[in-house]
Amino acid sequence: MSQDCIFCKIVKGDIPSNKIYEDDELIAFHDIHPIAPVHFLIVPKRHIESLLTCEAQHQALLGKIMLLAPKLAMEQGLKGFRSMINTGREGGQEVFHLHVHVFGGGETLPRT
Ligand code: AMP
Ligand code: ZN
């Protein structure tokens, strides 16, 4: 738990979230400002700042997140989706607790 980290507070239940999944290591909830009809975040419960601070010890956790993405996306009714990890300020990261965005639905997403 990192003090003043909004996602740590969500993990702890101090801030409400629209949760769609939880296990001992991960939580997933809908993004508060969705950029597509379905937009959720997969978040490790342990505070990890970003991909820049991940090490070999996080390999299994990262793999688990990536395998959870399609499972939850299908549960949310998506047939395809985009996943995104913003890393560091230059990468557009605003919340410095590692998370993977998963979003889609509606129109086919534009190529980037
Ligand atoms: P980024 O760090 O740029 O990957 O973006 C952080 C994301 O977290 C943004 O898409 C926000 O809309 C989302 N977000 C921030 N606060 C909350 C919250 N309390 N509940 C759900 N999503 C949030
Ligand atoms: Zn945190």
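In listed order, ligands and their atoms are each counted from 1.
Nearest non-hydrogen protein atom to atom 14 (N) of ligand 1 is Ile32 CG2, 3.8 Å. Looking only at heavy atoms of the protein, atom 8 (O) of ligand 1 is closest to Phe7 CZ, 3.5 Å. Counting protein heavy atoms only, atom 3 (O) of ligand 1 is closest to Gly92 O, 2.8 Å. Ranking protein heavy atoms by distance to atom 6 (C) of ligand 1, first place goes to His99 NE2, 3.6 Å. Considering only non-hydrogen protein atoms, atom 19 (N) of ligand 1 sits nearest to Ile10 CD1, 3.7 Å. Of the protein's heavy atoms, Asp31 OD2, 3.3 Å lies nearest to atom 13 (C) of ligand 1.
Against a heavy-atom cut-off of under 4.0 Å, His30 is close to the following atoms of ligand 1: 21 (C). Taking every non-hydrogen atom of His101 and a distance limit under 4.0 Å, the qualifying atoms of ligand 1 come out as 1 (P), 4 (O), 5 (O), 7 (C), 10 (O). For ligand 1, the atoms closer than 4.0 angstrom to any heavy atom of Gln93 are 2 (O), 3 (O).
His101 and His39 form a side-chain donor-acceptor contact under 3.5 Å, judged by distance and modelled atom types alone.
At a 3.5 angstrom cut-off on N or O pairs, Glu94 counts as close to ligand 1. Note: no N/O pair closer than 3.5 Å links Leu41 and ligand 1 by distance alone.
Separation of the Phe7 and Phe29 ring centroids falls under the 6.0 Å cut-off.
The structure places CZ of Phe96 at 14.5 Å from CG of Asp4, a figure rounded to the nearest 0.5 Å. Taken to the nearest 0.5 Å, the CG atom of Leu67 stands 11.0 Å off from the CG atom of Leu62. Atoms CD1 and CG, on Ile65 and Leu72 in that order, are 11.0 Å from each other to the nearest 0.5 Å. Expressed to the nearest 0.5 Å, how far CZ of Phe103 lies from CG of Leu78 amounts to 11.0 Å.
Looking at Glu49, its side chain never comes within 3.5 Å of a backbone N or O of Cys54 through a donor-acceptor pair. Side-chain atoms of His99 come within 3.5 Å of backbone N or O of His97 as a donor-acceptor pair.
For the pair SG of Cys5 and ND1 of His47, the angle at the Zn ion (ligand 2) is about 110°; rounding is to 10 degrees. Rounding to 10°, one obtains 110° for the angle at the Zn ion (ligand 2) between SG (Cys8) and ND1 (His97).
Ligand 1 lies nowhere less than 4.0 angstrom from a heavy atom belonging to Asn18.
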Walk me through it: do Lys64 and Glu25 pass the test salt bridge (charged side-chain N to carboxylate O under 4.0 Å, His left out)? CA-CA 9 Å; Lys64 187 173 168 179; Glu25 292 181 302; 2.6 Å; yes

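Between Glu22 and Lys45 a salt bridge is recorded (basic side-chain N to carboxylate O distance below 4.0 Å).
Residue contacts with ligand 1 for Phe96 are absent, since no atom lies close enough (heavy atoms, distance under 4.0 Å).
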